[in-house]
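I have placed the structure first, in the form of structure tokens, so that the comments after it can refer back to it.
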4 protein chains.
Amino acid sequence: MATNRKATSRSKDNLKRGAARLRSGAPEAGPETAVDTVAPGRADRRAERRAAILTAALDEFSTRGFAAARLDDVAHRAGVAKGTIYLHFDDKEALFQELVRSFLIPQVAMMEQAPVGELSSRELIERFLERFLTEIYTTRRREVLRLILTEGHRFPALAEFYYREVVARGIAAIRMVLARAVARGELSGDALVRFPQLLVAPLLMSIVWSGLFDRFAPLDIPALLRAHLDLVFGERKTT
Amino acid sequence: MATNRKATSRSKDNLKRGAARLRSGAPEAGPETAVDTVAPGRADRRAERRAAILTAALDEFSTRGFAAARLDDVAHRAGVAKGTIYLHFDDKEALFQELVRSFLIPQVAMMEQAPVGELSSRELIERFLERFLTEIYTTRRREVLRLILTEGHRFPALAEFYYREVVARGIAAIRMVLARAVARGELSGDALVRFPQLLVAPLLMSIVWSGLFDRFAPLDIPALLRAHLDLVFGERKTT
Amino acid sequence: MATNRKATSRSKDNLKRGAARLRSGAPEAGPETAVDTVAPGRADRRAERRAAILTAALDEFSTRGFAAARLDDVAHRAGVAKGTIYLHFDDKEALFQELVRSFLIPQVAMMEQAPVGELSSRELIERFLERFLTEIYTTRRREVLRLILTEGHRFPALAEFYYREVVARGIAAIRMVLARAVARGELSGDALVRFPQLLVAPLLMSIVWSGLFDRFAPLDIPALLRAHLDLVFGERKTT
Amino acid sequence: MATNRKATSRSKDNLKRGAARLRSGAPEAGPETAVDTVAPGRADRRAERRAAILTAALDEFSTRGFAAARLDDVAHRAGVAKGTIYLHFDDKEALFQELVRSFLIPQVAMMEQAPVGELSSRELIERFLERFLTEIYTTRRREVLRLILTEGHRFPALAEFYYREVVARGIAAIRMVLARAVARGELSGDALVRFPQLLVAPLLMSIVWSGLFDRFAPLDIPALLRAHLDLVFGERKTT
DNA sequence: CATGAATGAGGTTTCATTCAT
DNA sequence: AATGAATGAAACCTCATTCAT
């Protein structure tokens, strides 16, 4: 096994995928992505490795599931030795939870963003759905989200964390927007205000569907979300 | 309830027997115990055991997940020896798939039922959602459904089976109802006709939510489904 | 690896030594030693295996020490698979403690035996020391005793068990004998009555010495014990 | 394991320094700190670190046992990095042996001291026992001695070293004293002359007892040793 | 048929040792 | 010299699967 020449090599098959991966949502980009070859950064090595492990773990957990994933494979894929994982994470479970959490932080931040501007409610919701597409669905975060859906049951702490930090806040934010829409007469019934989950349900379904049926029945998610918007706000005037 | 071909098949043909068994809904019940309390039923023992194993497996797989569930526990819970499981199922994976399939058959049948009578489209959809509640959500089938959502990814054959037998047919059936609704002017846009998944999305969400967040944020699913109906067909006049 | 032919073979190199071993103090002899080939005894197999594992464990723990001993080697030596150990013992630690306890029971019983008869105190003590020689020092129990001395520190529960069941009782019993000796004028000072440990110290030393120095400085323990007796009761008249 | 080429090889001057170090009794002390408190001492740092490691190692080995002790913990406790240990000792085993040896040197020297003066034999032995108390039992050397007793079995070279340098000489010295006592009529039988080990046995027992049973059955060692003296030389006239 | 003891591959985790910085 | 991140062999333990009874 190659050991420490990460700066020059980084384990054949890992660099390409690692780079591609990080561009689309890796937990911690690392500062060198900007210039890429300035200084190796002695202490940055650590963060780099940690990120590599997390990315590899996402791969393995996503395809195999938590229990069936082997840390051996994670290590291999990350280009590190098995023991190295334990320098960064207490155990397999901690690795999983850190993985989810680290990928979640941006989402938490996203929830915070006030829907500024004087947009129509439909536009606000539209933006929201679009952001789901660009920030999650077309991203590795989709896999993390799926992990929460599929494994969350066995990680109560994680489920609670996700609920408190993302779901509860998200629901509240959406409800406010919807309430405004109703107040402004942009939305007729109060069904959505009472159950904002209905607005989000298609997003969950996208995640689930893509994981289960995409192989033989791909779904046009953007179109589905547009249709959802139509359902909620009524048929769009022009296309 | 049908319980018939037990006598004719036995060993070889697992499929038929499985089908027969699950048409009756839940394996654990065993309706024939009512009729012949006289003799234990020599060959019925087998079916009984099989059902006990399936039920136990559902328990274990649901709480632990497929990979983490131990056949030892399944056997224990079913009141049989570990080896006995292998008299009924080829291996752990087969047990899982049989479990899902057997619990699925009734659902397949359900899809078949023509939307009899001359009901309004809203009523039809209402019936559909109600049936979800009574036949699935308040049933052990909810757990099976969750198993498909959480483990289906690792069982492509199962996912495909589920898609072909349940999802595709269900989508088609729902689409027909929705198309009729549009034709009759009971539904305005064609969003749902193009994406009947939108009608089902809240059902999935119920399953997911109940598995993850019920502990600290229970959701009133019946109310949610009524709200969904309102969203789709417009606010109900009277209650 | 040979797998299941235990009934016929039992792993080449194990039978001989196993037999030899058990004759000299194995925890549970097993019923077949009497007739040896009558019936295998289906349920006796279990006890047999357990005994084999304990004996093998004694070997390995004695030569390597608890921490350094490998269960793999224990299994090998016992002629069983690694997993089999876990059918009998919870884990390595439990195996160790069971080992010590099982070998200890006879010693506990030994402590109970009243020093019957109307023997002189010297004779009583002499018998006691002799019993140490025949029951412990020339037995595998010596190794168990050494294990207690060398590993007991890391097993407080075990140390306490040993103290309460063997040491405390032994001390009390010896003290009574010594007190009687003083009362009868067979012993001059009360040093030993106050510290019966002094009577036992040479026994401990035998164990320790045999483990450390026997290779290059063997010690004649019987002679040493006779000398000890002389020291305590005064030079013997005739030899 | 080869262990003794220290004199010829090892980094520079391990032997001299080791000897110097331990003449002062406990490694942590360092006699030179008294003299040159002025400058930290460039090369003294090395000795200081070495001593710190040895002390830390004694702690860890004593509580965990050799095999279970982690060099990580030793390093931590010594306030150095793990790698530093390897700058002073070849490996874990070498560390252990050096530890024992270095603490042993003073004891070797102790054996040498002629029992000068015109003291009674009883007084001589009394002094000997007292020295055990002050120099060993109430000292960290007690732990080292216990390490020899508990781990010596797995370190034949060490056991032999200990036997030749300490035990054999000690036995011989004691025997001389005892022979003199017999010749002078201060001691009746020749039991002790033949087995001087009997005189030392209670000392070993103290070490063993303190390690195993002190928690729930502390033993008054000074009193025990006085009783031992009484046993050997007869009840003391006055107190 | 049913049992459950036995197996052993395989997984997680530890930790002595190395070595670039 | 000192560091401490990295390594990877090795140990414990689990559990799906088999098979003699």
Side-chain angles (χ1 to χ4, degrees), chain A residues 1-7 40 42-43 45-46 49-50 67-75 79-93 95, chain B residues 11 42-43 45-46 49 67-76 80-93 95, chain C residues 1-7 40 42-43 45-46 49-50 67-75 79-93 95, chain D residues 11 42-43 45-46 49 67-76 80-93 95:
Chain A
M1 274 296 115
T3 47
N4 301 54
R5 276 138 308 160
K6 289 312 143 23
R42 49 207 69 222
R45 279 349 263 200
R46 187 178 171 79
R49 275 202 141 90
R50 194 187 140 95
R70 290 171 304 194
L71 290 190
D72 233 348
D73 291 341
V74 172
V80 302
K82 232 182 316 180
T84 304
I85 294 176
Y86 289 87
L87 296 178
H88 293 268
F89 307 95
D90 280 346
D91 55 15
K92 195 186 183 184
E93 214 165 289
L95 170 58
Chain B
S11 54
R42 46 208 67 225
R45 304 299 297 189
R46 183 177 173 79
R49 278 200 140 90
R70 286 172 304 198
L71 289 192
D72 235 343
D73 291 340
V74 172
H76 214 81
V80 302
K82 219 181 338 174
T84 304
I85 295 177
Y86 287 85
L87 298 176
H88 292 267
F89 306 95
D90 280 346
D91 55 17
K92 195 187 184 186
E93 208 166 305
L95 170 59
Chain C
M1 276 293 119
T3 47
N4 300 56
R5 275 137 313 157
K6 289 313 142 22
R42 48 210 69 221
R45 273 357 255 199
R46 186 177 172 80
R49 276 203 141 90
R50 195 186 140 95
R70 288 171 306 194
L71 290 191
D72 234 347
D73 291 341
V74 172
V80 303
K82 230 181 320 175
T84 303
I85 295 177
Y86 290 88
L87 296 178
H88 293 267
F89 307 95
D90 279 346
D91 54 16
K92 195 187 183 183
E93 216 165 287
L95 171 58
Chain D
S11 31
R42 48 209 68 229
R45 302 299 298 188
R46 183 179 173 79
R49 278 201 139 90
R70 286 171 304 196
L71 290 191
D72 234 344
D73 291 340
V74 172
H76 215 82
V80 301
K82 219 185 330 178
T84 304
I85 294 176
Y86 287 85
L87 297 176
H88 292 268
F89 306 94
D90 281 347
D91 55 17
K92 196 187 182 185
E93 210 168 303
L95 170 59

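Note on naming: letters A, B, ... go to the chains in the order of the sequence lines (proteins, then strands), and numbering restarts at 1 for each one. Not measured: the values here are computed from a predicted model.
- Donor-acceptor pairing under 3.5 Å, judged by distance alone, is present between the side chain of B:Lys82 and the base of F:dT17.
- For F:dA10, the OP1/OP2 oxygens have no side-chain nitrogen or oxygen of C:Arg70 closer than 4.0 Å.
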Output field dot_bracket for DNA chain F (Watson-Crick or G-U, both distances under 3.5 Å, | for other-strand pairs) contains .||||||||||||||||||||
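- Both B:Arg49 and A:Tyr86 lie near DNA chain E, and the one whose nearest nucleotide falls closer to the 5' end is B:Arg49.
- The nearest pair of heavy atoms linking A:Ala68 to B:Ala67 is N-CB, 4.1 Å.
- A straight line from CG of C:Asp90 to C1' of F:dC12 spans 14 Å, rounded to a whole angstrom.
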Give the intermediate values and the outcome of side-chain contact (heavy atoms from CB on, under 4.5 Å) for residues B:Leu71 and B:Leu95. CA-CA 10 Å; B:Leu71 289 192; B:Leu95 170 59; 3.9 Å; yes
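- Rounded to whole angstrom, the span from the CZ atom of C:Arg46 across to the P atom of E:dA6 amounts to 7 Å.
- Along DNA chain F, the nucleotide closest to B:Ala68 and the one closest to D:Thr84 are compared, and the more 5′ of them pairs with D:Thr84.
- Going from atom CG of C:Asp73 over to atom C1' of F:dA10 covers 12 Å, rounded to whole Å.
- The interatomic distance linking C:Arg50 (CZ) with E:dA5 (P) rounds to 14 Å, in whole Å.
- From C:Arg50, atom CZ reaches atom CZ of C:Arg46 across 8.0 Å, with rounding to the nearest 0.5 Å.
- One atom, CD of A:Glu93, and another, P of E:dT12, lie 12 Å apart when rounded to the nearest Å.
- Toward the 5′ end of DNA chain F lies the nearest nucleotide of A:Leu87, the other residue of the pair C:Gly83 and A:Leu87 mapping further downstream.
- Not counting sequence neighbours, D:Lys92 has no partner by the salt bridge (Lys or Arg N to Asp or Glu O under 4.0 Å) test.
- One can place CG of A:Asp91 at 16 Å from C1' of F:dC12, the figure rounded to the nearest angstrom.
- Here D:Asp73 pairs with D:Arg64, D:Arg70 under the salt bridge (Lys or Arg N to Asp or Glu O under 4.0 Å) rule; sequence neighbours left out.
- Residues satisfying the side-chain hydrogen bond (donor to acceptor under 3.5 Å, both in side chains) criterion with B:Asp91, sequence neighbours excluded, are absent altogether.
- Annotation: side-chain contact (heavy atoms from CB on, under 4.5 Å) contacts of C:Lys82 (sequence neighbours excluded): C:Asp72.
- For the pair C:Ile85 and D:Ala69, nearest-nucleotide mapping onto DNA chain E gives the more 5' position to C:Ile85.
- Rounded to whole Å, the distance from CG on A:Leu71 to C1' on E:dT13 is 9 Å.
- In this model, the phosphate group of F:dA6 is approached by a side-chain N or O of A:His88 to a distance below 4.0 Å at OP1 or OP2.
- Between C:Asp72 atom CG and E:dG10 atom P there is a gap of 15 Å when expressed in whole angstrom units.
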